[in-house]
Peer 1: 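Please read through the structure below; I'll follow up with questions.
Sequence lines set the chain letters: A, B, ... in the order given, protein chains first and strands last, and positions in each chain run from 1.
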2 protein chains.
Amino acid sequence: MEYFGRRVRGIVPYTAGEQPRDRRYVKLNTNENPYPPSPATLQVLRAFDGAALRYYPAPDADDLCAAIAEAEGVGRENVLCGNGSDEVLFLTFAAFFDESRGVCFPDITYSFYEVYAGFFGVPVAMVPLRADFTMDLAAMAKAECAGYYIANPNAPTGVGIPAERIAAFAASVPECIVIADEAYMDFYGQSCARLTSAHPNLLVVKTFSKSYSLAGIRCGYAIGNAALIGALRSMKDCMNSYPVDALCQAVCAAAVRDRAYHDETVARVVAERGRLRDALLALGFTVPESKANFLFAGRAAKSGKEIYTRLKEEGVLVRFWDKPVLRDFCRITVGTPEQNNKLLASLQHILFL
Amino acid sequence: MEYFGRRVRGIVPYTAGEQPRDRRYVKLNTNENPYPPSPATLQVLRAFDGAALRYYPAPDADDLCAAIAEAEGVGRENVLCGNGSDEVLFLTFAAFFDESRGVCFPDITYSFYEVYAGFFGVPVAMVPLRADFTMDLAAMAKAECAGYYIANPNAPTGVGIPAERIAAFAASVPECIVIADEAYMDFYGQSCARLTSAHPNLLVVKTFSKSYSLAGIRCGYAIGNAALIGALRSMKDCMNSYPVDALCQAVCAAAVRDRAYHDETVARVVAERGRLRDALLALGFTVPESKANFLFAGRAAKSGKEIYTRLKEEGVLVRFWDKPVLRDFCRITVGTPEQNNKLLASLQHILFL
């Protein structure tokens with residue numbers, strides 16, 4: 001017997017980066033932050049009233065939303081939290097798109113967008129990146145669709161777009177929703193969060209997984225005007241009343257409020273990003289200028305697959321996709337100086353010995 | 001401008017029980033456990049390596065699934081974990097139903113099923129409960145549908161069905177999927193989890209929110225044969241690669257492994273359930289025999305709404321729905337002996353003074 005509906009029969013799910021347990025790797029494959037989360041988050045864990053876990057959490061994560069609103073310079077009613085930015089992105093697909101409201105995004109970008117579109121039966125208009133990996137916003141503006149996903153900085157290229165250009169794009173397509181996926185934005189500093197008040201069709205999505213070093217706790221959020229946030233909340237309440245658990249709310253609120261620690265670790269990653277890119281260029285790689293916490297490096301003396309495979313043998317994990325264009329490259333997370341030195345020594349060895 | 005798709009325009013979301021902050025209530029409205037979670041969970045919190053939160057969690061919650069498999073007497077490949085059983089139920093709708101594969105459930109049951117059906121555009125065949133609040137499985141077996149949701153014990157009535165009858169029902173509808181929603185099952189002890197190996201169309205869904213006193217941490221799971229679990233995992237990977245965070249995995253695994261504590265707190269709730277029901281019957285309420293951690297009490301000298309409202313004034317929160325049949329009743333969570341005594345004293349006052 002076959003018990004499955006059309007979604008099970010018709011979709012190829014997203015594949016996350018490998019999390020091998022067989023040995024210790026220098027793990028530069030899933031864009032985790034090389035520094036631990038704020039010490040304030042650890043204090044929250046130690047002090048948390050475990051007995052209170054018998055109660056359901058605040059369904060709309062009020063205190064966490066207040067902390068985010070203050071940090072992002074928006075109102076409390078402009079924030080919605082979810083179980084990772086992946087869940088928040090899923091909610092945006094549910095709210096803004098359907099079989100007759102299509103979506104547009106670049107051909108090379110976060111590959112989960114295409115999975116969500118398949119899940120909801122949403123028609124997709126893909127616009128190729130330019131040869132230099134920048135987004136062709138002019139071509140995207142002409143696409144027939146109800147809205148856009150713009151990963152900024154883009155994945156896996158790392159290429160960024162200034163906030164004012166995103167805002168101008170949103171203004172140029174006033175009948176469409178524009179979702180700026182800013183998962184990596186804190187390594188760039190060009191967030192559109194504050195611009196959402198002036199642009200009723202602009203929604204920003206961010207995460208605690210990267211700049212806050214909290215990939216393990218699963219929290220992301222959306223910022224936009226109250227009508228957009230209200231629609232996302234409706235979708236949340238069609239899926240799961242309490243997507244953000246009580247510990248997660250407390251830990252993330254502490255992380256947001258420790259702005260100094262956040263900014264310091266971000267600055268360290270950004271400094272290493274520049275040094276690592278220069279070294280990769282010197283090794284003969286093509287590396288688009290990255291505004292994220294990773295570098296997209298390829299077109300060197302060996303193929304992306306060979307570099308990925310040989311690095312893994314040497315105990316360094318990076319991300320590789322066996323797909324057109326992407327297969328010439330690897331995506332390399334910026335690590336600590338020591339991790340990056342190990343990577344560079346291995347690459348030297350692989351390419352030239 | 002209108003940026004929303006058909007789902008936002010067409011669905012009434014689920015409304016969770018109120019979580020007021022204005023004063024301290026004797027909170028008997030959301031079926032939380034009156035006892036704290038296992039002391040082992042608190043130790044996990046205190047000992048957790050906060051620095052490791054910078055890594056993504058195990059995407060399929062391997063260790064937690066292993067702990068659940070052992071406790072439930074099934075294989076590791078027969079378990080899938082999600083962000084609360086609400087998310088797991090959402091995944092079952094995504095996997096097993098669509099516009100041409102309809103669903104059947106009783107007219108009085110967990111009201112989230114109807115919301116999920118609306119979200120996915122799934123046709124619904126509702127079969128009325130019998131006058132004594134038991135499920136009419138014979139009528140349900142004749143419904144035109146691709147599958148069933150059977151909350152066992154049912155909500156908000158508390159009425160239970162022995163495991164063998166659920167298994168017989170599944171065997172009688174071999175072309176349909178049967179989802180046994182066992183959120184409250186540990187207060188009854190008639191789980192179908194071990195019967196799933198003999199019934200390829202039977203899937204069991206359970207939660208950590210009730211018998212494990214962990215509503216705050218958000219974890220639920222499905223048990224079924226590997227093909228059903230594989231389909232649910234595909235749907236998970238279309239929504240969110242990492243729905244269960246690292247802390248949640250560790251805390252819930254510790255809770256599952258402390259079977260003695262679990263069984264002891266369950267026994268305490270079950271004992272109070274009997275005492276409380278007898279007292280409510282003596283006050284003139286109609287109270288179906290409950291196998292859950294709540295009682296469905298009504299048809300007394302005052303209406304459900306009046307009892308709910310007056311109890312709230314007296315500092316006791318219970319759940320009330322202003323809907324046909326339900327409006328004659330309140331759903332009352334079984335609390336500690338002290339909480340139940342306060343409830344009974346308030347009811348005495350409301351009904352007879």
Side-chain angles (χ1 to χ4, degrees), chain A residues 1 3-8 11 13-14 16 19 30 32-33 36-37 41-42 45-46 48 50-59 83-84 86-87 90 94-98 101 115 119 174-175 177 200-201 213-218 231 234-235 237-243 245-248, chain B residues 1 3-8 11 13-14 16 19 30 32-33 36-37 41-42 45-46 48 50-59 83-84 86-87 90 94-98 101 115 119 174-175 177 201 213-218 228 231 234-235 237-243 245-248:
Chain A
M1 275 308 303
Y3 301 110
F4 308 127
R6 64 172 169 79
R7 271 171 292 268
V8 172
I11 310 178
Y14 179 77
Q19 306 274 9
T30 50
E32 288 142 340
N33 198 307
T41 64
L42 207 59
L45 279 189
R46 295 291 171 265
F48 195 87
L53 288 176
R54 74 185 185 82
Y55 293 113
Y56 282 97
N83 179 32
D86 283 345
E87 187 188 65
F90 184 87
F96 303 122
F97 302 98
D98 59 34
R101 292 177 52 85
V115 178
F119 185 93
E175 304 199 356
I177 182 87
N201 62 332
S213 308
L214 286 168
I217 202 106
R218 316 305 309 129
S234 288
M235 294 296 94
D237 287 330
C238 289
M239 285 175 57
N240 194 348
S241 305
Y242 309 94
D245 72 54
L247 271 166
C248 178
Chain B
M1 275 307 304
Y3 300 110
F4 308 128
R6 66 172 167 79
R7 272 171 291 269
V8 171
I11 311 178
Y14 179 77
Q19 305 275 9
T30 52
E32 288 140 340
N33 198 308
T41 63
L42 208 59
L45 278 189
R46 296 290 172 263
F48 196 87
L53 288 176
R54 74 186 185 83
Y55 294 113
Y56 282 97
N83 179 33
D86 282 344
E87 188 190 64
F90 184 88
F96 302 122
F97 302 98
D98 59 34
R101 293 177 51 85
V115 178
F119 185 92
E175 305 197 357
I177 182 87
N201 62 332
S213 309
L214 285 168
I217 203 107
R218 315 308 308 129
L228 301 184
S234 288
M235 293 297 95
D237 287 331
C238 289
M239 284 175 58
N240 194 348
S241 304
Y242 309 95
D245 74 55
L247 272 166
C248 177

Peer 1: State, yes or no, whether a side-chain contact exists between L247(A) and D245(B) at a heavy-atom distance under 4.5 Å.
Peer 2: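 Sidechains of D245(B) and L247(A): no contact.
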
Peer 1: Pick one of side chain, backbone, both or neither for S234(A), based on which atoms fall under 4.5 Å of a heavy atom in chain B.
Peer 2: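 The answer is both parts of S234(A).
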
Peer 1: CG/L53(B) to CG/L42(A) distance, rounded to the nearest 0.5 angstrom?
Peer 2: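 With rounding to 0.5 Å, CG (L53(B)) is 8.5 Å from CG (L42(A)).
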
Peer 1: With a 4.5 angstrom heavy-atom cut-off, is it the side chain or the backbone of F4(B) that approaches chain A, or both, or neither?
Peer 2: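 For F4(B), backbone and side chain are both near chain A.
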
Peer 1: Using ring-ring contact (aromatic ring centres under 6.0 Å, His included) as the criterion, list what pairs up with Y56(B), not counting sequence neighbours.
Peer 2: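 Partners of Y56(B) under the ring-ring contact (aromatic ring centres under 6.0 Å, His included) test: Y242(B).
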
Peer 1: Given that the side chain runs from C-beta out, which part of E87(A) has a heavy atom under 4.5 Å from chain B: side chain, backbone, both or neither?
Peer 2: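 For E87(A), the contact with chain B is made by backbone and side chain together.
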
Peer 1: May I ask you to name which of I177(A), D237(A), L214(A), D86(A) has the most heavy-atom pairs under 4.5 Å with chain B?
Peer 2: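 Sorted descending by pairs with chain B, the first entry is D237(A).
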
Peer 1: Identify which part of R46(A) has an atom lying under 4.5 Å from any heavy atom of chain B, answering side chain, backbone, both or neither.
Peer 2: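 Contact with chain B is through both the backbone and side chain of R46(A).
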
Peer 1: For T30(B), which atoms come within 4.5 Å of any heavy atom of chain A: side chain, backbone, both, or neither?
Peer 2: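 Backbone plus side chain of T30(B), per the 4.5 Å heavy-atom cut-off to chain A.
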
Peer 1: Give the member of M235(A), Q19(A), R218(A) that has the highest number of heavy-atom pairs under 4.5 Å with chain B.
Peer 2: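 The answer is R218(A).
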
Peer 1: Among C248(B), A52(B), G84(B), S241(B), which residue forms the greatest number of heavy-atom pairs with chain A at distances under 4.5 Å?
Peer 2: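 Between C248(B), A52(B), G84(B), S241(B), the count favours S241(B).
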
Peer 1: Below 4.5 Å, heavy-atom pairs only: which of P243(A), P13(A), C238(A) has the largest tally toward chain B?
Peer 2: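 That would be C238(A).
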
Peer 1: Checking R101(A) side chain against R6(B) main chain: does a donor-acceptor pair fall under 3.5 Å?
Peer 2: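 Not at all, since once roles are kept as given, no pair shorter than 3.5 Å links the two residues.
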
Peer 1: I'd like to verify something: which residue of V115(A), V8(A), T41(A) has the highest number of heavy-atom pairs under 4.5 Å with chain B?
Peer 2: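 Answer, by heavy-atom pair count under 4.5 Å with chain B: V8(A).
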
Peer 1: Closest approach of M239(A) and F90(B), non-hydrogen atoms and distance?
Peer 2: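 Taking M239(A) first and F90(B) second, the nearest heavy atoms are CG-CE1, 3.2 Å.
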
Peer 1: Once ring-ring contact (aromatic ring centres under 6.0 Å, His included) is applied, do any residues pair with Y55(B), and if so which ones, sequence neighbours excluded?
Peer 2: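 For Y55(B) there are no ring-ring contact (aromatic ring centres under 6.0 Å, His included) partners, ignoring immediate neighbours.
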
Peer 1: Most heavy-atom pairs under 4.5 angstrom with chain A, which of A51(B), A215(B), G5(B), A94(B)?
Peer 2: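 Heavy-atom pairs under 4.5 Å are most numerous for A215(B).
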
Peer 1: Chain B heavy atoms under 4.5 Å from A58(A): which part of the residue, side chain, backbone, both or neither?
Peer 2: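 Backbone plus side chain of A58(A), per the 4.5 Å heavy-atom cut-off to chain B.
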
Peer 1: Please state whether the side chain, the backbone, both or neither of I11(B) comes within less than 4.5 Å of a heavy atom of chain A.
Peer 2: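 Interface part for I11(B): side chain.
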
Peer 1: Got a donor-acceptor contact below 3.5 angstrom from the N240(B) side chain to the N83(A) backbone?
Peer 2: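 It does hold such a pair.
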
